[in-house]
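To keep things clear, I will list the structure first and then write my remarks on it.
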Amino acid sequence: MAAPQHALRRGSSSLTRFTSCSQLSSLSISRTSTRSSHYFRKLEATAEKGEVLKPMEEEELSLKALADGWLEGPGSAFKDPLHGSTNYLNAYSPSGKLFRLNTRKGEEGSEANATSDGQLPPERLEDLMPFPLNTQFRSQSVLSEELREEIYNRVVVNGSSVRSVSAEFSVSMERVGAVVRMKQIEKDWQKDGKSLAKPYAQAVLNMLPTTPYIPNDPQPHEDINDLPVHSHTTQQIFYPTSESRDFTRADAGRAFNTDLLPADARIPHPQLIEEHRERNFPPAVRQNLIDERERREIQDRERRKQKMMEREKRQVTVVPGKRHEFRFKDISVDSVGKNGRSPAGVGWRYGFPHEDRKRGQVKIPTRVDT
Amino acid sequence: MVVRIRLARFGKRHSPFYNVVVTQARTARNSKPMEVLGTYDPKPKSALDGEGRQFKDIKLDVARAKYWLGVGAQPSDPARAMLSMASPVQCLAA
C-alpha cells in the first residue's frame with residue numbers, strides 16, 4: 001500500500017483527474033463500499049453544478065471500496081454494454097450516463113427516449129477514445145460488411161477499376177485490393193463448404209465504429225489522395241534559380257531528383273484534379289469526361305499487357321516435352337558485364353554468398369501476382 | 001583437355017537450380033566456368049491463371065552455345081538434350 005498512499009500524499013491531482021475521466025487506477029484508501037458509492041453520487045452532483053469536489057481524506061476510501069463503488073456507480077453501464085455501438089470509457093459521464101444522449105435530447109429522461117427510438121445517436125469524436133488519458137488516439141472506422149460486399153461487386157462483378165471504386169467510396173486503393181482478395185477467399189471457402197467465423201466477425205464489428213454503405217450516398221472512409229513521402233524529398237535543398245523563370249512543381253520534383261515525378265503525378269488519384277477542374281461543367285458532360293478517362297485507362301492497360309505478352313512471345317520458344325513443356329528464353333552471356341560480376345547477369349553468381357540468412361532480408365511475399 | 005558444356009548444380013537442398021556452363025572437363029563441378037551460357041530450373045511451374053500445361057524454365061544464349069559447339073565443346077548428355085531442344089539441327093551435327 002506504500003505506493004498509493006504516497007501518490008495521494010503528493011496532492012489532489014490524482015482525484016481531480018478521476019473526476020474528469022472515470023479512472024480508478026490513480027485513487028486510493030477508505031472503509032466501506034456504501035461510503036464510496038455515496039462519494040460517487042456526490043461527485044456527480046457537484047459535476048452537474050460545475051464545481052470540483054474536494055479530494056477525500058486519506059483514510060476515507062480504500063482501493064477495494066473504490067472499485068466496488070465504481071462497479072455499482074459509473075461502471076454499472078458496462079455490465080450491459082450497448083450493442084451495435086462502441087463502449088469506450090470516455091463516452092460516459094462520471095455517473096455512467098452516455099454523453100451523446102444528453103447533448104441530443106436534453107437533460108432529463110433521455111435514456112428512455114433513446115431506447116423507445118431504438119436508435120442511438122452516432123458517436124462523436126470525443127466518444128471514440130478507448131484510452132481516456134491518451135486523447136490523441138481516436139478509434140478509426142473499419143469497413144462495414146455491406147460496404148465490403150459492394151466494393152467486391154463493383155470490382156469483380158461490374159468490372160470497375162480499383163481506382164474509380166477507391167475514389168467513389170474514399171477507400172485507399174490498397175484497401176480496395178485487400179477487400180477484393182479477402183472477399184474472394186471468403187467466397188471460395190463458402191463454395192468449398194468451409195465454415196466461416198461469422199458470429200465472431202459480427203461481434204467484433206459491433207464493438208467498432210464502422211463506415212456504413214448507403215446506396216447513392218457514399219460515406220468517406222479515409223483520406224485517399226495523400227502524397228506519399230518519397231525519401232528524395234526529405235532533404236532540404238537550396239536550389240538557385242533565376243527570378244524570371246517559371247519554377248513549377250514539376251521543376252521542384254526534378255530539383256530533388258532527376259527521376260522524381262512531380263507531386264501531381266505521384267498522388268494516388270491524379271484524375272481527381274481533373275475532375276475538380278471540371279466541377280462547373282454540366283453533369284452529363286462531366287460524366288462523359290469521366291467515362292472517357294476510364295475507358296482510356298483501361299485501353300492503355302490492355303495495350304501495355306498485350307505489348308508485354310508479345311515481347312515475351314518473341315523471346316520465349318516453347319518446346320513440348322513428355323510431361324512438361326520447356327520454355328526457352330534467349331539471353332545474352334554479355335549480361336554479366338566485362339568483369340563477369342554484374343548482378344544483372346544470368347545464372348547463379350560465382351563468389352557471392354547467399355544473402356537469405358542475412359539479417360533484414362524480406363522473405364514474405366511483398367506483392368501478389370494476379 | 002576437353003571443353004565441355006554441362007550443368008552445374010546450385011540452389012538449395014531439395015531445391016535444385018542449374019547453371020549451363022562451358023568449362024574445362026576436369027575442373028570441379030561448381031568451379032568458376034569459362035562462360036555461363038544460361039540456366040535450367042528443373043522445378044515445374046504452373047501458369048498463374050492455372051491453365052495450360054506445367055512448364056520448366058530454361059534460359060540459354062543459343063548463339064553462344066552454337067559457337068562453342070562449333071569450336072569443339074562436348075556437351076554432356078543432359079546438356080545435349082537441352083541444346084537439341086533449343087536448336088535441333090546444330091546439336092545433332094555436333
Side-chain angles (χ1 to χ4, degrees), chain A residues 156 177 180-181 184-185 188 191-192 302 305-306 308-309 311-358 361 363 365-370, chain B residues 5-13 15-23 27-68 78 81-88 91:
Chain A
V156 177
V180 170
R181 286 196 287 273
Q184 189 59 57
I185 292 173
D188 288 348
K191 216 192 290 165
D192 297 346
E302 284 297 314
K305 205 171 167 188
Q306 195 74 24
M308 207 175 75
M309 276 169 64
R311 197 175 53 224
E312 195 136 297
K313 220 172 183 180
R314 248 184 288 126
Q315 286 178 341
V316 176
T317 328
V318 179
V319 179
K322 267 187 208 156
R323 282 192 293 173
H324 312 99
E325 57 188 35
F326 295 90
R327 295 194 177 173
F328 284 84
K329 190 174 183 189
D330 205 4
I331 52 105
S332 167
V333 290
D334 296 332
S335 58
V336 287
K338 272 186 182 161
N339 60 2
R341 294 171 73 84
S342 164
V346 93
W348 210 270
R349 297 171 76 196
Y350 292 86
F352 294 91
H354 301 312
E355 298 209 325
D356 60 346
R357 296 283 177 114
K358 205 170 167 183
Q361 293 287 315
K363 282 184 227 162
T366 52
R367 67 195 186 96
V368 180
D369 287 319
T370 49
Chain B
I5 299 178
R6 67 186 186 195
L7 303 184
R9 190 193 194 279
F10 287 91
K12 304 282 167 60
R13 191 165 60 159
S15 175
F17 187 88
Y18 297 94
N19 272 2
V20 183
V21 298
V22 179
T23 185
T27 52
R29 187 191 68 183
N30 282 9
S31 61
K32 198 172 181 193
M34 293 154 74
E35 201 161 87
V36 179
L37 288 180
T39 61
Y40 168 53
D41 185 354
K43 288 190 294 182
K45 294 176 190 158
S46 302
L48 280 173
D49 53 10
E51 287 172 11
R53 299 179 72 194
Q54 286 192 315
F55 61 91
K56 293 182 176 184
D57 270 331
I58 298 172
K59 288 181 185 171
L60 197 66
D61 188 337
V62 179
R64 201 67 192 148
K66 281 178 183 172
Y67 162 78
W68 281 111
M82 198 181 295
L83 294 174
S84 62
M85 271 197 286
S87 178
C91 201

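Labels below follow one simple rule: chain letters A, B, ... track the order of the sequence lines, proteins then strands, and each chain is numbered from 1.
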- Message: For Val36(B) versus Val346(A), what's the shortest heavy-atom pair and its separation?
- Response: CG1-O, 4.0 Å
- Lys45(B) versus chain A, the contacting section by heavy-atom distance below 4.5 Å: neither
- Which bit of Val21(B) comes within less than 4.5 Å of chain A, counting heavy atoms only: side chain, backbone, both or neither? side chain
- Rounded to the nearest 0.5 Å, the CD atom of Glu325(A) sits from the CD atom of Gln54(B) at a distance of 10.0 Å
- Message: Looking at Arg53(B) and Gly321(A), would you say the former's side chain and the latter's main chain have a donor-acceptor pair under 3.5 Å?
- Response: yes
- Query: Heavy-atom distance under 4.5 Å to chain B: side chain of Val333(A), backbone, both or neither?
  - Reply: both
- Item | Gap separating the CZ atom of Arg327(A) from the NZ atom of Lys59(B), nearest 0.5 angstrom | 13.5 Å
- Item | Within 6.0 Å of NZ in Lys358(A), more than 12 heavy atoms from elsewhere | no
- Item | Glu312(A) atom CD, over 12 foreign heavy atoms within 6.0 Å | no
- Value for CG (Asp57(B)) from CZ (Phe326(A)), rounded to nearest 0.5 Å, stands at 11.0 Å
- Are side-chain heavy atoms of Trp348(A) and Asn30(B) found at a separation under 4.5 Å? no
- If you look at every heavy atom in Leu37(B) and Ile331(A), which pair is closest and at what distance? O-CD1, 3.4 Å
- Task: Check whether Tyr350(A) gets within reach of chain B through its side chain, its backbone, both or neither, counting any heavy atom under 4.5 Å.
- Result: side chain
- Query: Between Phe55(B) and His324(A), what is the shortest heavy-atom contact and its length?
  - Reply: CA-CB, 4.5 Å
